[in-house]
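A short write-up of the structure that comes next.
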Amino acid sequence: VLGKRVGKLWGYVYDPDQIKKFTGFRFYPFNPQAIIKGVYTQRGRQVVSYKTVQGDLTEVAKVGEVKFEWEGKSYALNAYNWQKPGEPLEYIALIFVEPTAGQETYAGGRELVIDITNGKVKKQFVTLDFNRTTNFYCAHSPFWHCPTGLQQTLDVATKAGEMLPLKKIVSRKAL
């Protein structure tokens, strides 16, 4: 398979045996404490440049922030969106690392996508279900262009959502 992205050519060999060997995704057991309420505050669309794990420079819109409390501590995470400018806001993505990064979850960060009920409301309550958190696709294949530098750090281990594939335990320091 050949492709082109950001002026770079890339290619890889399709290996049907990889599909046969795929054992599925690993998830933490359902954690009811990982479902919490937060407040999403919409801000003006701010275009942010970031690099991917391959070193490509690309952009995303920072559209606000989500504030929430977990285990008695207050947190605020930037809210990002990859939709085209002018489209009604349908979702926000929170990008973070936490103490399990590199041990049980992808060292480069994880993503929690939250559907927005009405993209025109400046402030709204949202449910953060960390059981729905996923690793970036880079945790599974080097061919994905995942972000670096957008991750914010939570000092609480969520113990929810997708875990690392068994063969992908990577130190966070390696990234």
| request: Check whether Ile35 and Leu154 end up in the same hydrophobic cluster, where Ile, Leu, Val, Met, Phe, Trp and Tyr are linked by side-chain heavy atoms less than 4.5 Å apart. | output: no
| field | In one Ile/Leu/Val/Met/Phe/Trp/Tyr side-chain cluster, 4.5 Å: Val53, Phe136 | value | yes
Look up atom [atom1] in [X] and atom [atom2] in [Y], then write down how far apart they are to the nearest 0.5 Å.
{"X": "Tyr40", "Y": "Phe125", "atom1": "OH", "atom2": "CZ", "result": "15.0 Å"}
{"X": "Trp82", "Y": "Tyr80", "atom1": "CH2", "atom2": "OH", "result": "8.0 Å"}
{"X": "Gln152", "Y": "Asn78", "atom1": "CD", "atom2": "CG", "result": "4.0 Å"}
{"X": "Ile95", "Y": "Thr133", "atom1": "CD1", "atom2": "OG1", "result": "12.0 Å"}
{"X": "Thr105", "Y": "Asn135", "atom1": "OG1", "atom2": "CG", "result": "6.0 Å"}
{"X": "Ile36", "Y": "Glu71", "atom1": "CD1", "atom2": "CD", "result": "9.5 Å"}

| task | Just do the salt bridge (charged side-chain N to carboxylate O under 4.0 Å, His left out) check on Arg132 and Glu162 with the steps written out, would you? | result | CA-CA 8 Å; Arg132 297 175 57 107; Glu162 185 181 357; over 6 Å; no
| field | Backbone N/O of Phe30 and side chain of Asn131: donor-acceptor pair under 3.5 Å | value | no
Non-hydrogen side-chain atoms of [X] and [Y] separated by less than 4.5 Å:
{"X": "Leu57", "Y": "Tyr50", "answer": "no"}
{"X": "Gln83", "Y": "Tyr91", "answer": "yes"}
{"X": "Ile116", "Y": "Gln124", "answer": "yes"}
{"X": "Gln151", "Y": "Phe96", "answer": "no"}
{"X": "Leu89", "Y": "Asn81", "answer": "yes"}
{"X": "Leu128", "Y": "Leu94", "answer": "yes"}
{"X": "Val60", "Y": "Leu150", "answer": "yes"}
{"X": "Thr100", "Y": "Met163", "answer": "no"}

In residues 62-70, what donor-acceptor pairs under 3.5 Å come from side-chain atoms, sequence neighbours left out?
residue, atom, partner, partner atom, Å
Glu65, OE2, Arg43, NH2, 3.3

| Mind checking whether Phe130 and Tyr28 have ring centres under 6.0 Å apart? | no
| Should Lys51 and Asp56 be marked as a side chain to side chain contact (heavy atoms under 4.5 Å, CB included) after you check the CA-CA gap, both sets of side-chain angles, and the distance that decides it? | CA-CA 5 Å; Lys51 284 191 173 186; Asp56 297 332; over 6 Å; no
| remark: Heavy-atom nearest pair, Ala160 first then Asn31, reads CB-CB, 4.2 Å
| query | Tyr75 and Asp155: side chain to side chain contact (heavy atoms under 4.5 Å, CB included), yes or no, with the steps? | reply | CA-CA 9 Å; Tyr75 296 95; Asp155 61 6; 2.4 Å; yes
| task | Answer yes or no: is there an ion pair linking Arg110 with Glu98, defined by an N-O contact shorter than 4.0 Å? | result | yes
